[in-house]
Q: 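Pasting a structure here, questions to come.
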Amino acid sequence: MEKTLYELRTFHLTGRKIDEDFADLGGLDLVPALLSRYRDLTQIRYDYPLVLIEGGGGSYVQSLASITNGILQVIAPEGIEGERTRKNLLNLEMEMRALSAESGRCALSKLWEAAASKILSGSDLSGEEKKLLEANLTRAKGALKIDGEVIECNGEASSSLFVHGWKVFENKRAQSVLERLEGLIVGLSGILRSDELKSDEALSADSLRGSVGTSFEDSFDFSVLADSLVESSQESHLPKKRRERVRFALTVLESQRFFASRLDNRGKEGDGPYPFVVDSCTDVLKTYRDRIPHMVDFVKAVRIAELELANEYDEAKHDPFFEQFGEGSLSKEDISYFPSYLVCLENSKYDDANKATLVEILSSDLPIKVLVEPEEAIGSSSVKSDRSPLGGWDLQLANLAMSLGSAYVLQASNSSLYMMSEAISEGLGYQGPALFNVFSGSVASFPNLAPYLVSASAAQARAFPAFVYDPGAGENWAARFNVVDANPQAESDWPVDAFNYEDQDLQAVNEDLAFTFVDFVASDKRLSENFISVPQASWNANMVPASEYLELADEKAADKVPYILMVDGKSVLHRVVATHNIISAARRHAETWRNLQELGGINNSHALALLEREKEAWEEEKKREIEEIRTELGAEAEQIVAAEAPALEEGAEAAEVVEVKGPIEEACIETPRCNACDECTKKNPKMFMYNENKQAYIADIDAGTFRDLVESAEVCKVAIIHPGKPRNLDEANLEELIKRAEPFNVAP
Ligand code: SF4
């Protein structure tokens, strides 16, 4: 045993294998124990594949599972009646999963049809049963009211999702701008037309309708427009200056390239709407700057058009204003009308110039959204020594962006994208810059795990935690920063899950296992030299789970060896020992995670320190009160105080627990004895509340009357409410209430 421990410790400390029985992980096809049940993802209902929903209306993305669930709610009645339908549709979903994994991207409608026809052609059901199956699948297809591209969790998932989400968001936003724009174009055309024809007939509703074509004749109320134009052009000829001004505005609005207008009939090659989705930060910044003069002209034209159509253009006042109109005249609101830019930063373009420009963008207030996809969740160099950076620039990027303060920042793994789809939408709609730092999990160095599992385990292991920083969400960190919603068991160092297996004696074993950074990197073949599988004969009591080892002080860890559980392709359990470098990297990742927790309000050290100070102050105050009682009451009180003092010295915590015998003067509850009967909390929910153990305490003594206290004491089934003395001596019927309170003011 001692020899084995020595050999294991040697490997742990130096990475040198001196016992050939210790196997390298390379050829063992091992996966972390908690992931072993997910080896075949096509048989599991999880977030992917995702469907990028076409058209407006509801959500821009849905999981295949949520679509199936929605249809089942419509067509499958509760209970046994709907059982066959549920089974048929869930089979169809599984078939779609398998086909999607095989074939890659395609439309949901096509995938659905392919899966349904495969199920029907492969079915060995008898005639009547087959007809029922066919009827159920047809009914389900009839209830499918949406379509869109189906995407798998792979290296392209995040860019597909973000580009799609961006398009949906921008199309929605463009609707109102376009309506306004097209109205202005029709109106300005009407003014010029009336001047050319010099007749009211030219401004009739029919004439205006005819002048803009039939493609959107339902969009405008031409009668209203005609009335307003006739009114505003009673003078038969437009002055030259005005005509030129109207023509300028019309030309700019008709030739603008920021929005794809239904009035767009340019048709010249090379024209058409500008592209807004690009792959480089340096390009986007240059493009944005190049387009500023066109933005200025566009806004100027819109304002002139509005004034002209309202017949409110005053040359003396407005001419000087528009002559000076330039980049500095654009307000935030003006800029917010234009589409934002989306940069899907290609890894091949992730050079120093792009990094520098990215920081410039994130420090600005420009409407530029940048999607960055780090190729790995940890830098392999980060486990080589204690001094190596954790993941380098790519993985510190989101922290850097948060520190700049003005950008919306979202960090996530592909596995969390569906759960965070609303936060993604918020970021795409944020007025200023946004950074989306997304780890795809599509990494060649994890050959035994599907990309979804790599990305999910990077998040679970706190190697790539998810968070959102929204500078527009409020005044402080509590409102702006959220690390809780998207991370599993965010309040813990590591998430813990149940693991069930059979031991060598075929006895069922149920264990709670933590999923640590060590579990995550054990699947990374670049780091395989940092792990060995230990044969069962060499397992010993000095081997401790990595999650426990990480908690040990150095002196306690001195004779221990950390291991994790992994499972091979034949479902055999292995204990895998990790080197000191891996443990050290895990500690540093845990530390980084704790910093994020603190920012997110979990285990905040300032709050804990404040609590400790308050507790000490409270204890001091109680000691002082006891001293006063001792002085006032003499020897009799000595006995009482002596009996209670130890509890105080041990630091009894809850202020609402009674500490001193004798008539109770201040209202209190013996909280630890509360059985949560709801009587007091129902009577006055502001005065009485439950703590985290669902036991009542007095939350706000001033939120009610002395009567509330007395009556609650009377209904409290365990007689633990002590009303004390009334605080408001003007309260009605005090004499009677004090009398009723007396039996409850005797200390326990
Ligand atoms: S009435 Fe008594 S037992 Fe009931 S919730 Fe209140 S304190 Fe607890």
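Computed from a predicted model, the values in this text were never measured in an experiment. Indexing begins at 1, ligand by ligand and atom by atom, following the structure's order.
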Q: Can you count the protein N, O or S atoms that lie less than 2.8 Å from atom 6 (Fe) of ligand 1?
A: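 Protein heteroatoms (N, O, S) closer than 2.8 Å to atom 6 (Fe) of ligand 1 number 1.
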
Q: Within a radius of less than 6.0 Å around NZ of Lys725, do more than 12 heavy atoms belonging to other residues, nucleotides or ligands occur?
A: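 No, NZ of Lys725 has 12 or fewer neighbouring heavy atoms, counting only those of other groups under 6.0 Å.
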
Q: Would you mind checking if Arg588 and Glu591 are paired as a salt bridge, meaning a charged N to carboxylate O distance below 4.0 Å?
A: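 Judged by the 4.0 Å cut-off on N to carboxylate O distance, Glu591 and Arg588 do not form a salt bridge.
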
Q: Between Arg45 and Glu93 (salt bridge meaning N to carboxylate O under 4.0 Å), is one present in this structure?
A: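 Salt bridge flag = yes for Glu93 with Arg45.
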
Q: Using atom types as modelled, flag every donor-acceptor pair under 3.5 Å from a side chain in residues 480-493 to any protein atom, sequence neighbours excluded.
A:
| residue | atom | partner | partner atom | Å |
| --- | --- | --- | --- | --- |
| Arg480 | NE | Pro471 | O | 3.4 |
| Arg480 | NE | Gly474 | O | 2.7 |
| Arg480 | NH1 | Tyr469 | OH | 3.1 |
| Arg480 | NH2 | Gly474 | O | 3.4 |
| Asn482 | OD1 | Val484 | N | 2.9 |
| Asn482 | OD1 | Asp485 | N | 3.1 |
| Asn482 | ND2 | Asp485 | OD2 | 2.7 |
| Asn487 | OD1 | Ala466 | N | 3.0 |
| Asn487 | ND2 | Ala466 | O | 2.6 |
| Asn487 | ND2 | Val483 | O | 2.7 |
| Gln489 | OE1 | Val496 | N | 2.8 |
| Gln489 | NE2 | Val496 | O | 2.8 |
| Asp493 | OD1 | Arg594 | NE | 3.2 |
| Asp493 | OD2 | Arg594 | NE | 3.4 |
| Asp493 | OD2 | Arg594 | NH2 | 2.7 |

Q: Just which atoms of ligand 1 are under 4.0 Å from any heavy atom in Tyr690?
A: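 The atoms of ligand 1 under 4.0 Å from a heavy atom of Tyr690 are 5 (S).
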
Q: In a table with atom names and distances, give each donor-acceptor pair under 3.5 Å that connects a side chain of residues 401-408 to protein atoms at least two apart or in another chain.
A:
| residue | atom | partner | partner atom | Å |
| --- | --- | --- | --- | --- |
| Ser403 | OG | Leu400 | O | 2.6 |
| Ser406 | OG | Leu362 | O | 2.9 |
| Ser406 | OG | Ser364 | O | 3.4 |
| Tyr408 | OH | Ala423 | O | 2.7 |

Q: What residue and heavy atom of the protein are closest to atom 3 (S) of ligand 1, and at what distance?
A: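 In this structure, atom 3 (S) of ligand 1 has Asn675 OD1, 3.1 Å as its nearest protein heavy atom.
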
Q: Counting heavy atoms not belonging to Glu422, are there more than 12 under 6.0 Å from its CD?
A: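 No - once you tally the heavy atoms of other residues, nucleotides and ligands closer than 6.0 Å, there are 12 at most.
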
Q: Tyr549: which residues meet the ring-ring contact (aromatic ring centres under 6.0 Å, His included) condition with it, sequence neighbours left out?
A: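 Here the qualifying residues are His12.
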
